[in-house]
Amino acid sequence: MKPGNTWIEIKRKRHCYAWLSPFIILFLWLQLYPALYGLFISFTDYDGLISMSLVGFDNYGKAFQDPLFWKSLGNTFLLWLYIVPARTFLALILAVILNSKKLIGTTIYRSVILLPYITASAIVAIVFRILLTSDGGLINAIIGTRIGWLDTPELSKVSIAFMNIWRMTGYFALVLLAGMQKIPESVHEAAALDGCGPIRKFFRITIPLMSSEIFFVSLISTIWIFQNVSDVMVLTNGGPVNSSTTLVYYVYRNAFEFSKMGYSSALSYILFAMLIVFSFLLVKFYYGKTEEGK
Amino acid sequence: MRKRIIAIILCALMTVSVFAGGNSETADSKGKTTITVMGGAHLVSVAEIVLQDYMEQHPDIDIRFEKYSYAEYPTKMRIALSQGDTDPDIMIIHDEFVNQLALAGLLKDVTDLIDMDNTVNVLAPATVDGKIYGIPNQVTNQYVFLYRKDVYDKLGLVPPKTFDEFFEQALILKDNGYFAGAWDPSNANCDNMFYDFLYMLGGKVLNDDGSISLDKAEEAIELLQKCWDAGIFHQSIQSDSTEYWTAYNAGLIAAFPGPGANAAYYETNVDPTGNGGYGDIGIAPIMKFAEEGPATYIHNTEYWAISENTDEPEIAADILKYLTQTVEADMLFCNVNEAGIMAKYSTGFIPGLEAVASGEGVDPWPAYGGEKVVSILSKDILENKENLVLPFVDRRSAEIGTIISTVLGEMFLNNTYPDAASAVAAMKAQIEAI
């Protein structure tokens, strides 16, 4: 297209750009500018107030020598490992149940399973604190023994994973349910005619045809787990002995509790780079599989 | 064409709405001058109650109160001040942040507002280059000995005078099914008891010039170890956790030395129908930990400060003076108990402390059998006012606390450090790396 034509095209569609302008302004102002400014800050020793001198790559170098950075990174990966497979599996089970023709009142169930997701995470965390407190907690009272759900390094991450799975599974179940419902009934009927039982149909037809939704759930789950700060903050405060401190919570603490904006920004960009690599690997794995399928 | 015009108008409205909610005006439409007070939700709510009379006497001033959680308010404050916002005008700031904001030039010099002869000397964290940038809010936060009088009477015990006496009592209490305090090395706040022991031994974390001291840290850890090994502590965070109050109201804890500010927690958290000895709680001076150690120390305090950006410095100064330099405000601070807000303390104004110490007009504390606890605390501060110890803190203190808690947790839970000396060496190395 010639430059003159482009200008005419823009002029002709100016009302479209006008419609888009609130988003573009907000995006530039609230997303792109802070992100670029954050990148700049990561090369400084900014304390959130006045001190800001350039320190080059010092903050990045410091991060790789910081034992708490590695510990929080390890904790984040462990949480991912605890949460994503279990949550995806449970969401799939819930989706199958909700998709069942024998189930009466599916609309009510669909609303009910979304309730944990729409409840504020701080409130959920308070409820889970009441449930999981070692002395006087409801779960320990029921099982009749003192288990340190929140105050032992071995169980703190399990407790966070438990709460996160409970809170988010309903949402992902609905995403998977949407994918399940788009599979044509005729495919199932043809399989049934060929003598395929329900379990075989599920593994050989339903799951392969839902691979894009399962991929979406895994990818979004991964990103959300790496971004989640509220669960850890309200439930365990990263303890005991930093056993549940995740990378993003460590970023938060450095920025807002320790007044180390520069270091915190560097940690954020390391996290950003890791998420890109992680997402890229997931995408490559998914498309590699689908290409093979073809 | 009409559709396009409507679309453009709508777009313009949406775009304008993005910029809505700009800067607030100081004087509102009724001609009132607006002053904003910002800080942690609890203390700002207390100020709101205390300032009721002031607002009635000054109908031309509209005081607005911005309340945030304690984790959130320093960030909100830093952002507002560093961006040059005219709000807030007045702030209540914890000691570790006042120094940072003053160094950044974001607070007004309030030296002239302070009656130095009549204010207790806890001004070090708010002093930069000889100028004072904050006036103390709550000074009745010294380390005191709180205990169950009914249990002590039953076992023939009296409040201890030395740490050794306390330890012997703790063993007796343990034999009778009681704990003598609570401490949990797995908790992120486990550094608090370490500070109590350290400062009472005469040590420091930071020197007054900000250099790292950790003098007496080894002895403090050894004392903690001795208590932990003897099993005298309930495993929870004293006065600050569900576990603690569950154990307390079950009647398991009979001695609970702690900061004076925590005394008020027993008024609201002890179940009158439970087994926590409601009405039988006693308060006494804290035991001496070491010959060279202080009689007590002030755990921490907060400061009232004025923003450098305020449009109304005179009015802000007047409000600050009222809050911190009048007997009238002190008599209100010591009795706050309404609308779910409970905080009974004295500021650092000596005539106010004297008025509260006299007990006249001070409400009795039912959990303490009608004792006027804030009067006892005020009297104690006045008796020790020449030698008050207030730890030096600055912007590193939050991270230092995290380091100390982590090292203690690793030592007591994971045996990472074989002795106190290696734990202190690890603390020092990590603090130096901040």
Side-chain angles (χ1 to χ4, degrees), chain A residues 14-26 29-30 46-51 62 65-68 71 122 126 129-130 132-137 140-141 146 148 150-153 156 233-234 236-245 250 252-261 263, chain B residues 3-4 7-8 10-19 71-72 74-75 78-79 81-82 97 100-101 103-106 184-190 234-236 241-247 249-250 252 395-396 398-403 405-410 412-414 416 430 433-434:
Chain A
R14 62 182 180 275
H15 62 285
C16 302
Y17 293 105
W19 275 112
L20 285 172
S21 60
F23 165 76
I24 291 168
I25 290 167
L26 284 175
W29 179 31
L30 298 175
Y46 186 46
D47 66 355
L49 284 171
I50 47 161
S51 139
K62 197 177 154 196
Q65 288 167 356
D66 179 356
L68 204 48
K71 184 162 189 170
I126 290 165
R129 272 204 79 86
I130 294 167
L132 297 170
T133 295
S134 305
D135 289 320
N140 281 355
R146 188 190 189 281
L150 301 174
D151 50 30
T152 54
S156 60
M233 194 195 286
V234 190
T236 63
N237 261 325
V241 202
N242 297 311
S243 63
S244 62
T245 298
Y250 190 48
Y252 169 85
R253 295 200 76 190
N254 271 288
F256 302 117
E257 289 181 23
F258 306 157
S259 304
K260 292 160 98 175
M261 291 287 177
Y263 185 54
Chain B
K3 274 183 188 171
R4 276 194 182 178
I8 288 165
L10 279 174
C11 289
L13 281 174
M14 285 162 74
T15 310
V16 167
S17 72
V18 163
F19 299 102
E72 201 182 7
T75 306
R78 275 195 287 248
I79 290 170
L81 294 179
S82 60
F97 303 115
Q100 188 188 10
L101 296 174
L103 278 171
L106 298 170
D184 182 0
S186 74
N187 192 287
N189 294 325
C190 72
H234 180 260
Q235 195 176 342
S236 59
S241 61
T242 313
E243 287 91 344
Y244 178 76
W245 291 115
T246 304
N249 281 314
L252 297 178
R395 73 178 185 93
R396 295 167 297 169
E399 194 168 1
I400 290 173
T402 302
I403 289 168
S405 296
T406 305
V407 170
L408 291 174
E410 284 173 346
F412 283 83
L413 298 175
N414 303 339
T416 309
Q430 290 179 49
I434 291 176

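Proteins get letters first, then strands, A, B, ... in listed order; numbering begins at 1 in each. Side chains included, hydrogens not; waters and symmetry mates left out as well; all remaining heavy atoms used.
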Measure [X] against the heavy atoms of chain A and call it side chain, backbone, both or neither at under 4.5 Å.
{"X": "B/A433", "answer": "backbone"}
{"X": "B/Q430", "answer": "neither"}
{"X": "B/S405", "answer": "neither"}
{"X": "B/L106", "answer": "side chain"}

In Å, rounded to the nearest 0.5 Å, how long is the span from OH of A/Y263 to CD1 of B/I434?
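One gets 12.0 Å once the value is rounded to the nearest 0.5 Å.
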
**OP:** Check each atom of A/D151 against the heavy atoms of chain B and say whether the ones under 4.5 Å are side chain, backbone, both or neither.
**Re:**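 Contact with chain B: backbone and side chain both.
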
* To do: Heavy-atom distances under 4.5 Å only: say whether A/Y252 touches chain B with side chain, backbone, both or neither.
  =>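 Interface part for A/Y252: side chain.
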
- Task: Would you please name every residue forming a salt bridge (charged side-chain N to carboxylate O under 4.0 Å, His left out) with B/R78, sequence neighbours left out?
- Result: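 B/R78: no salt bridge (charged side-chain N to carboxylate O under 4.0 Å, His left out) contacts found.
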
Could you tell me which residues satisfy salt bridge (charged side-chain N to carboxylate O under 4.0 Å, His left out) with B/E399, sequence neighbours excluded, listed by chain and number?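 With neighbours one apart ignored, the set is A/K260.
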
Original post:
Which atom names give the shortest non-hydrogen contact between A/P240 and B/S186, and what distance separates them?
Top reply: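 So the two residues come closest at CB-O, 2.9 Å.
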
Check: Taking all non-hydrogen atoms of both residues, which atom of A/G48 and which atom of B/S82 are closest, and how far apart?
Finding: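 In terms of heavy atoms, the two residues are closest at O-OG, 4.0 Å.
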
Would B/T242 and A/R129 count as a side-chain hydrogen bond (donor to acceptor under 3.5 Å, both in side chains) if you check the C-alpha gap in whole Å, the side-chain angles of each, and the deciding distance to 0.1 Å?
-> CA-CA 9 Å; B/T242 313; A/R129 272 204 79 86; 5.3 Å; no

TODO: Among B/L413, B/T406, B/T246, single out the residue with the greatest number of heavy-atom pairs under 4.5 Å to chain A.
DONE: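 Maximum pair count with chain A is reached by B/T406.
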
